[in-house]
Amino acid sequence: MPKAIVFDLGGTLMEFAGMPLNWSDYYIGGFEKLNELLKLNLSENDIQESANKLKSYNPRTSKREYEIKPEDIFNDIISNWGEKPDTNKVIGLFFESLRLKANIYEYSRELLKKCRNSGFKIACLTDLPNGMPDYIFKPAIENILPYFDLYVSSQICGVRKPNKGGICYIADAFEIREAEILFVGDEEKDFLSSLNAGCDFVYINDFLINEKTLHL
């Protein structure tokens, strides 16, 4: 029996409505809106180059497992712009322009509540969208955040799945062994993270079907 249950977030407990796993196709639109809002006078070529540079950091294509600070990513992107607006303002307006709408799945609150009431420590482990800081992401899960004993993002632990570092970070924080964690997710990289860390894993659909095996 595990002592802690760790949940992935995107695709497991929530989603950004209408957004695919890879957001690269939305980058140009984001920079076009940013150009309009800040009156940057960026050319179409400038916008394309900015989108390409952001794509080069995208873990879905680059397969990087280490995390990079959003400020470092966007400082690199704006380095060739004629005007250099405040980096944090660029980050905020870029993601605002994507008009992201968080959708918490109907089962999520009750499931987390049942897990906590059953005596398990509860954590989440999420890979942040490319270039997105925690302060932009966390409001999207504000309705379920109180159910977690620990929130861990790729920015916090410094690595992205399938690196085992996030699970190890949680095990250290809870003062338990990795083998005492059950990781619940929806993607292969979630499964590989658990495999690399030596803990049990279950896909969210199977977990919902087999809740009774954990006496929830």
Side-chain angles (χ1 to χ4, degrees), residues 2 4-27 29-30 58-60 65 67 70 91-92 94-118 120-163 165-167 169-170 173-174 181-194 199-211 214 216:
I5 303 177
V6 177
F7 289 91
D8 168 57
L9 289 177
T12 299
L13 298 179
M14 57 81 68
E15 66 181 359
F16 287 108
M19 299 299 285
L21 292 177
N22 191 330
W23 294 10
S24 295
D25 290 343
Y26 292 80
Y27 291 167
N58 193 321
R60 293 283 178 183
E65 293 186 12
E67 191 55 284
I91 293 171
F94 175 81
F95 285 107
E96 183 180 315
S97 73
L98 298 183
R99 297 184 178 181
L100 299 171
K101 182 179 180 181
N103 174 35
I104 305 296
Y105 297 149
E106 290 184 4
Y107 59 76
S108 296
R109 294 180 189 83
E110 185 61 26
L111 177 61
L112 293 172
K113 183 178 178 180
K114 288 166 69 176
C115 289
R116 291 197 70 178
N117 289 343
S118 297
F120 297 102
K121 285 283 192 178
I122 307 298
C124 61
L125 176 60
T126 186
D127 285 343
L128 294 175
N130 186 32
M132 180 183 285
D134 281 297
Y135 68 82
I136 291 179
F137 178 79
K138 287 180 78 172
I141 60 165
E142 62 182 356
N143 290 335
I144 57 173
L145 198 54
Y147 294 101
F148 296 110
D149 297 296
L150 183 64
Y151 165 89
V152 180
S153 71
S154 51
Q155 284 292 328
I156 290 173
C157 67
V159 295
R160 303 179 68 91
K161 295 172 282 190
N163 192 292
I167 294 175
Y169 181 100
I170 293 170
F174 284 162
I181 287 175
L182 173 65
F183 189 28
V184 182
D186 72 306
E187 291 189 68
E188 182 183 22
K189 67 173 182 175
D190 299 323
F191 165 69
L192 293 176
S193 295
S194 67
C199 69
D200 288 333
F201 175 81
V202 63
Y203 283 98
I204 182 61
N205 289 339
D206 293 331
F207 186 75
L208 292 171
I209 292 171
N210 296 299
E211 286 179 28
L214 290 172
L216 298 182

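Starting from 1, each residue takes its place in the sequence as its number. Excluded from the calculations below are hydrogen atoms, water molecules and symmetry mates; all remaining heavy atoms, backbone and side chain alike, are included.
Applying the side-chain contact (heavy atoms from CB on, under 4.5 Å) rule to Leu192 yields the partners Pro162, Glu188, Leu195; only residues at least two apart in sequence or on another chain are considered. With sequence neighbours excluded, the residues that form a salt bridge (Lys or Arg N to Asp or Glu O under 4.0 Å) with Lys189 are Asp127. In this structure, the side-chain contact (heavy atoms from CB on, under 4.5 Å) partners of Val159, at least two apart in sequence or on a different chain, are Cys157, Asn163.
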Quiz prompt | ring pair (Phe, Tyr, Trp, His ring centres under 6.0 Å) evaluation trace for Tyr203 with Phe201 | solution = CA-CA 7 Å; Tyr203 283 98; Phe201 175 81; 4.8 Å; yes

Self-check item: Stepwise side-chain hydrogen bond (donor to acceptor under 3.5 Å, both in side chains) test for Gln155 and Asp134
Solution: CA-CA 7 Å; Gln155 284 292 328; Asp134 281 297; over 6 Å; no

Practice problem: May I have the step-by-step check of side chain to side chain contact (heavy atoms under 4.5 Å, CB included) for Leu100 and Met19, ending in yes or no? | Solution: CA-CA 8 Å; Leu100 299 171; Met19 299 299 285; 3.9 Å; yes

Quiz item: Under the side chain to side chain contact (heavy atoms under 4.5 Å, CB included) criterion, do Tyr105 and Met14 qualify, and how do the steps go?
Solution: CA-CA 5 Å; Tyr105 297 149; Met14 57 81 68; 5.6 Å; no

Quiz prompt | Working for side chain to side chain contact (heavy atoms under 4.5 Å, CB included), residues Asp200 and Ser194 | solution = CA-CA 6 Å; Asp200 288 333; Ser194 67; over 6 Å; no

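Residues Asn205 and Asp186 are not in side-chain contact: their nearest non-hydrogen atoms beyond the backbone lie 4.5 Å or more apart. Between Tyr147 and Ile141 there is no side-chain heavy-atom pair separated by less than 4.5 Å. Under the 4.5 Å side-chain criterion, counting only non-hydrogen atoms from C-beta, Ile167 is not in contact with Val6. Counting heavy atoms from C-beta on, the side chains of Leu208 and Leu111 come closer than 4.5 Å. Two residues are said to be in side-chain contact when any heavy atoms from C-beta on lie closer than 4.5 Å; Phe191 and Val202 fail this criterion. A heavy-atom distance below 4.5 Å is found between the side chains of Arg116 and Asp149. Between Phe137 and Phe16 there is a side-chain heavy-atom pair separated by less than 4.5 Å.
The shortest heavy-atom contact between Thr12 and Ile204 is O-CG1, 3.7 Å. For the residue pair Phe95 and Asn130, the shortest heavy atom distance occurs at CZ-O, 3.5 Å. When every heavy atom of Ile5 is checked against every heavy atom of Cys115, the shortest pair comes out as CD1-SG, 3.9 Å. Closest approach of Pro2 and Phe120 over heavy atoms only: O-CE2, 3.1 Å. The minimum heavy-atom distance between Ala140 and Ala102, with the atom names listed, is O-CB, 3.5 Å. Minimum interatomic distance between Lys161 and Leu125 (heavy atoms only, all atoms of both residues): NZ-O, 3.2 Å.
Rounding to the nearest 0.5 angstrom, the gap separating the CG atom in Leu98 from the CD atom in Glu96 is 10.0 Å. Taking CZ of Phe207 as the start and OH of Tyr107 as the end, the distance is 10.5 Å to the nearest 0.5 Å. Between Ser153 atom OG and Leu128 atom CG the span is 4.0 Å, to the nearest 0.5 Å. One distance of note links CZ of Phe7 with SG of Cys124; it measures 10.5 Å at 0.5 Å rounding. Summarising the geometry, atom OG belonging to Ser108 is positioned 4.0 Å from atom CG belonging to Leu13; distances are rounded to the nearest 0.5 Å. Atom CD of residue Glu15 and atom CG of residue Leu21 lie 10.5 Å apart, to the nearest 0.5 angstrom.
A donor-acceptor contact shorter than 3.5 Å is absent between the side chain of Thr126 and the backbone of Asp8. For the pair Asn210 (side chain) and Asp206 (backbone), a donor-acceptor distance under 3.5 Å is present.
A salt bridge does not link Arg160 with Glu187: none of the charged nitrogens is closer than 4.0 Å to a carboxylate oxygen.
A cation-pi arrangement is present between Lys138 and Tyr151, with the terminal nitrogen or guanidinium carbon under 6.0 Å from the aromatic centre and inside a 45° cone about the axis.
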